[in-house]
Protein chains: 2
Amino acid sequence: MKIGDLSRLTGTRVETIRFYEKEGLIPAPSRTGGNYRVYDQAHLNRLSFIRRSRDLGFTLDQVRALLDLSDDRLRSCGAVDELAREQLRSVERKIEDLQALQRELASLLNQCSQGTIAECRIIEALAPG
Amino acid sequence: MKIGDLSRLTGTRVETIRFYEKEGLIPAPSRTGGNYRVYDQAHLNRLSFIRRSRDLGFTLDQVRALLDLSDDRLRSCGAVDELAREQLRSVERKIEDLQALQRELASLLNQCSQGTIAECRIIEALAPG
DNA sequence: ATGCACCCTGAAGCCACTATAGGGTCAAGC
DNA sequence: GCTTGACCCTATAGTGGCTTCAGGGTGCAT
């Protein structure tokens, strides 16, 4: 499997795959005579794991931790659970922040009567007073 | 007013104020004999405007646009309205994405029975299959 | 004279990629 | 055998919005 195939199979850009390799998230694959990277099923599995973790919002450092944990089959999954729980909390905090923002913006827009800047409620709300 | 005073009054880090100046968001202030920046009320107003816009989630480019618009008192506020509307849409999109994420994480955590990694539902969900 | 809080500049670092420059490889078609 | 075009390679710089760091200077009190 060449890098483009891996890219298509995982929905990951080629540059991102090379970036993950440089970051040590994916082991360096063997090469063809023409210096092309050659991947196997293990690479595909690992990259899929990384992408799903990223899609769930984990940082690359968290993904690294999850990968390490997932290799240690006999260990308790408490650490995994804690990582996921922390991530959930962080997502919930972000949602709350954005909802507050949403309310503020909606309220500003509600007050805008489409006149001139001088009487614009939005600009007024931003300007200090 | 020295940079530290402006920092305290606006809740902006000193380094960030210097960064805004370098970015052209705040005009370069005059200096004391000792080369310290000296700010006045106009600077305070402008920085407050920037911070409030940032708090509402506008990018620095959008802030630049808002600042330009706010100087043009006679212009219609349609452009301001459009910027705010776009920002609201973007916030709403982010909320939806995060809520999907929240549901997924919560569901994973729900299934975790705190056993070993080998039987961990979270790792299982991340691993390809 | 010494300490301390504050100020200065310029450059590098953060995250997770993305883009760009400048090239090499390989199979197909003429 | 030569070209075309899709693909691959490396190394470096750029993105946004700051933050941090190195290495110094200022100003006031003790």
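Per chain, numbering begins at 1; letters A, B, ... match sequence-line order. Source: prediction; values computed, not measured.
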Looking at [N], I'd like to know if its phosphate oxygens (OP1 or OP2) sit under 4.0 Å from a side-chain N or O belonging to [X].
X       : N      : value
B:Arg13 : D:dT20 : yes
A:Arg31 : D:dT10 : yes
A:Thr16 : C:dT18 : yes
A:Arg54 : C:dC17 : yes

With nearest nucleotides of DNA chain C determined for A:Arg64 and B:Gly4 from heavy-atom distances, which residue corresponds to the more 5′ nucleotide?
-> B:Gly4
To the nearest angstrom, how far is [X] atom [atom1] from [N] atom [atom2]?
X       : N      : atom1 : atom2 : answer
A:Asn35 : C:dG23 : CG    : C1'   : 12 Å
A:Glu21 : D:dT10 : CD    : C1'   : 12 Å
A:Glu23 : D:dA11 : CD    : C1'   : 15 Å
B:Glu15 : D:dC21 : CD    : P     : 11 Å
B:Ile3  : D:dG25 : CD1   : C1'   : 15 Å
B:Phe19 : D:dT19 : CZ    : P     : 9 Å
B:Tyr36 : C:dT9  : OH    : P     : 11 Å
A:Tyr39 : D:dC7  : OH    : P     : 16 Å

NA contact type, A:Arg37, heavy-atom cut-off 4.0 Å: base, sugar-phosphate, or nothing?
-> sugar-phosphate
Check every strand shown and say whether A:Lys22 touches a base, only sugar-phosphate, or nothing at a heavy-atom separation below 4.0 Å.
-> base
Are any of the side-chain nitrogens in [X] or [Y] under 4.0 Å away from the carboxylate oxygens of its partner?
X       : Y        : value
A:Glu86 : A:Arg93  : no
A:Asp61 : A:Arg64  : yes
B:Arg75 : A:Glu119 : no
A:Arg85 : A:Asp81  : yes
B:Asp5  : B:Arg8   : yes

Quick one: the side chain of B:Tyr20 and the base of D:dG17, do they pair up donor-acceptor inside 3.5 Å?
-> no
Considering heavy-atom distances to DNA chain D, does B:Asp61 or B:Lys2 have its closest nucleotide positioned more toward the 5' end?
-> B:Asp61
